Structure formats: C-alpha cells, structure tokens
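See structure below.
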Amino acid sequence: MPSKTKTNDSESPWYLHFYNAIRQTPINVTLLIVSAFIFYKVVSITRRRNQSVQHRLTPGQGSFLTAENRLPPLRSDFTVRELRAYNGTHEDGRILLAINFNVYDVSHAKHFYGPGGIYPNYAGRDISRNLINFSVESNENEEFDDLCDLNSGQMATLREWDHQYAEKYPLVGKLLREGQPHTNYADEEDDEPEKITQE
Ligand SMILES: *[C@@H]1O[C@H](CO)[C@@H](O)[C@H](O)[C@H]1NC(C)=O
Ligand SMILES: *[C@@H]1O[C@H](CO)[C@@H](O)[C@H](O)[C@H]1NC(C)=O
C-alpha cells in the first residue's frame, strides 16, 4: 500500500501535487495570490524603472527616437554667440550645448533640453558652470568663459561631466573665443573632431 501511493505520487503530474497541497491548506491559496500580486508589482515597477533609466542614460535610443530627431551629423566650431541659435527653435530643432569647451549635439534628447523640457535653459549655452553648481539657471554670459577661476576639484567635476556627455552625444566641435578661427572639419570627414582636454 505505501509503495502504491509512492508510485502514484511520482507518476502524477507536478500540478496535481500542487493542487493537493493548495486544497489541503487554503492559506496557501491566499499566499499564492499575494505572492503572485507582489511578483507582478515588482516586475512592473522594475521594468518601468529600467525603462526610465535607459531613457535617461541613452536619450538617443529607444521608443522616442522619431524621424524628426534624426538630424544629419554636424561638424563645426562655435563661438558662444553662434551657439545660442541652437536652442531648439530652429526649423530642424537642432540643440547644441557646450561643456568644457566641447560642443555636443543633444538634439535627440529634446525632452531634456528642448523647449518645455527638463533643462530648457541649457539649450544653446555653455553649461560648464551649471554642471559644477547644479544650477538650472540660464547662462546669460555672451562672452567666452575661460573657466580659469575654477579650482582643480571643480575642473575634475567638469571633466567627468564632459566624459559622460561624450559617451552619450555626438561631439560637434569646439567652443571658440570670439575671433578664433573655425576648424574646417570637411577635410577630416571620418575623424572625430579633436577633443580639448583642459588640465
Ligand atoms: C532661441 O533662440 C532664438 C534665436 O537666437 C531666440 O529668438 C529665442 O527666443 C530663443 N528661445 C529660447 C526658448 O531661448
Ligand atoms: C555657483 O553659483 C554661485 C552663486 O550663483 C556663484 O557665485 C559661483 O560663482 C558659481 N560657481 C561657479 C563655478 O560658477
């Protein structure tokens, strides 16, 4: 008799065991439902968080990469005044910003830098001081800012930000002093514009 039960047990499918276990102790049903609900919640929250993290980290990729966001690559240097025009109000919606004398194209992160975005004041500006100061105020300075008053800790912070932007956004060119010659990038079509690394 015991051996028969054993055989039955091992032959009956897993869900029957499961079913019997549940039937014998109704509290299991409650636990099962609660666990399933929690599991569902955790999965959906995690997925949502991952998506938003991904959006934050790679604003060029993913669901919101629309046709209007795909602009031809731009290679040029800019003075502070020239840069200002690229605040996303151009017809093509191009948005540029400068960090540590490097100009990046952040057009495809319109939800961040575009009009009505999270950081609309960054569009078309040198945001080096904003990043150091965690400030979202508009940088109204129209002159080239050589940042020479920054201490080494602030410069290190700035270079770290520069690094992060360089990984996420196309480098367009350099931020120039008024009157400084613009590099002709047409000749070096396949090369990245040389990055300035200010120590
Ligand atoms: C963007 O730049 C244009 C031209 O430089 C200017 O007329 C406009 O007011 C600026 N818009 C914003 C939101 O800064
Ligand atoms: C940070 O903000 C303060 C107050 O606006 C300003 O005095 C200071 O110069 C800023 N720091 C940098 C590095 O620009």
Side-chain angles (χ1 to χ4, degrees), residues 52 55-186 193-199:
S52 74
H55 282 190
R56 228 176 306 137
L57 294 180
T58 54
Q61 295 146 15
S63 51
F64 54 84
L65 182 63
T66 59
E68 61 158 346
N69 290 340
R70 277 187 232 111
L71 294 170
L74 182 65
R75 310 290 294 279
S76 178
D77 295 342
F78 294 87
T79 65
V80 174
R81 268 178 255 266
E82 287 165 349
L83 194 65
R84 285 207 167 194
Y86 293 87
N87 61 7
T89 58
H90 260 246
E91 206 173 311
D92 62 3
R94 177 99 62 186
I95 304 171
L96 304 181
L97 49 74
I99 296 158
N100 194 27
F101 315 111
N102 291 314
V103 176
Y104 295 101
D105 187 337
V106 299
S107 305
H108 51 225
K110 223 172 231 107
H111 55 300
F112 281 125
Y113 307 107
I118 304 169
Y119 308 113
N121 291 337
Y122 286 5
R125 303 294 164 109
D126 175 5
I127 64 165
S128 301
R129 286 184 190 273
N130 294 79
L131 294 176
I132 291 168
N133 247 353
F134 293 108
S135 156
V136 294
E137 300 295 307
S138 180
N139 179 359
E140 294 298 333
N141 189 1
E142 292 200 8
E143 306 301 323
F144 179 83
D145 183 350
D146 60 12
L147 305 173
C148 65
D149 61 308
L150 299 189
N151 64 35
S152 58
Q154 290 171 321
M155 278 314 298
T157 305
L158 187 56
R159 279 196 299 271
E160 180 52 38
W161 278 111
D162 190 9
H163 243 41
Q164 294 193 21
Y165 273 79
E167 280 177 7
K168 269 176 260 175
Y169 302 105
L171 180 66
V172 175
K174 285 172 282 184
L175 190 65
L176 303 177
R177 283 174 196 277
E178 208 70 47
Q180 214 181 330
H182 292 61
T183 308
N184 182 6
Y185 291 113
E194 197 188 323
K195 275 188 65 179
I196 299 175
T197 43
Q198 173 128 343
E199 296 299 324

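Hydrogens, waters and symmetry mates are skipped; everything else that's a heavy atom, side chains included, is used. Computed from a prediction, not measured in an experiment: that's the story for all the values here. Counting starts at 1 for both ligands and their atoms, following the listed order.
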* With atoms numbered from 1 as shown, which atoms in ligand 2 lie under 4.0 angstrom from a non-hydrogen atom of Gln154? ->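 Near Gln154, the atoms of ligand 2 are 13 (C).
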* Judged by modelled atom types alone, do Tyr165 and Asn100 share a side-chain donor-acceptor pair under 3.5 Å? ->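 No, no side-chain donor-acceptor contact under 3.5 Å.
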* Sidechain N-carboxylate O distance under 4.0 Å for Glu140, Arg125 ->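 Result for this pair is yes, salt bridge flagged.
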* Asked: Is the distance between the ring centroids of Phe112 and Tyr122 under 6.0 Å?
  ->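 Ring-ring flag for Phe112/Tyr122: false, centres at least 6.0 Å apart.
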* Asked: Between the candidates Leu150, Asn130, Asn133, which shows the shortest non-hydrogen contact distance to atom 13 (C) of ligand 2?
  ->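 Nearest heavy atom to atom 13 (C) of ligand 2 lies in Leu150.
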* Among all protein heavy atoms, pick out the one at the shortest distance from atom 3 (C) of ligand 1; state its residue, atom name and that distance to 0.1 Å. =>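 That would be Asn87 ND2, 3.6 Å.
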* Asked: Which residue supplies the protein heavy atom nearest to atom 14 (O) of ligand 2, what is that atom called, and how far is it?
  ->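 Of every protein heavy atom, Arg129 NH1, 3.0 Å lies nearest to atom 14 (O) of ligand 2.
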* Whether Asp105 side chain and Pro170 backbone form a donor-acceptor pair below 3.5 Å ->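 No.
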* To do: Using protein heavy atoms only, decide if any is under 4.0 Å from atom 11 (N) of ligand 1.
  =>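 When distances to the protein are checked, atom 11 (N) of ligand 1 has a heavy atom within 4.0 Å.
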* Asked: Any protein heavy atom sitting closer than 4.0 Å to atom 5 (O) of ligand 2?
  ->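 False for atom 5 (O) of ligand 2.
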* Measure the acute angle between the ring planes of Phe144 and Phe101, then classify it against the limits of 30° and 60° as parallel, tilted or perpendicular. =>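 Geometry flag for Phe101 against Phe144: parallel rings.
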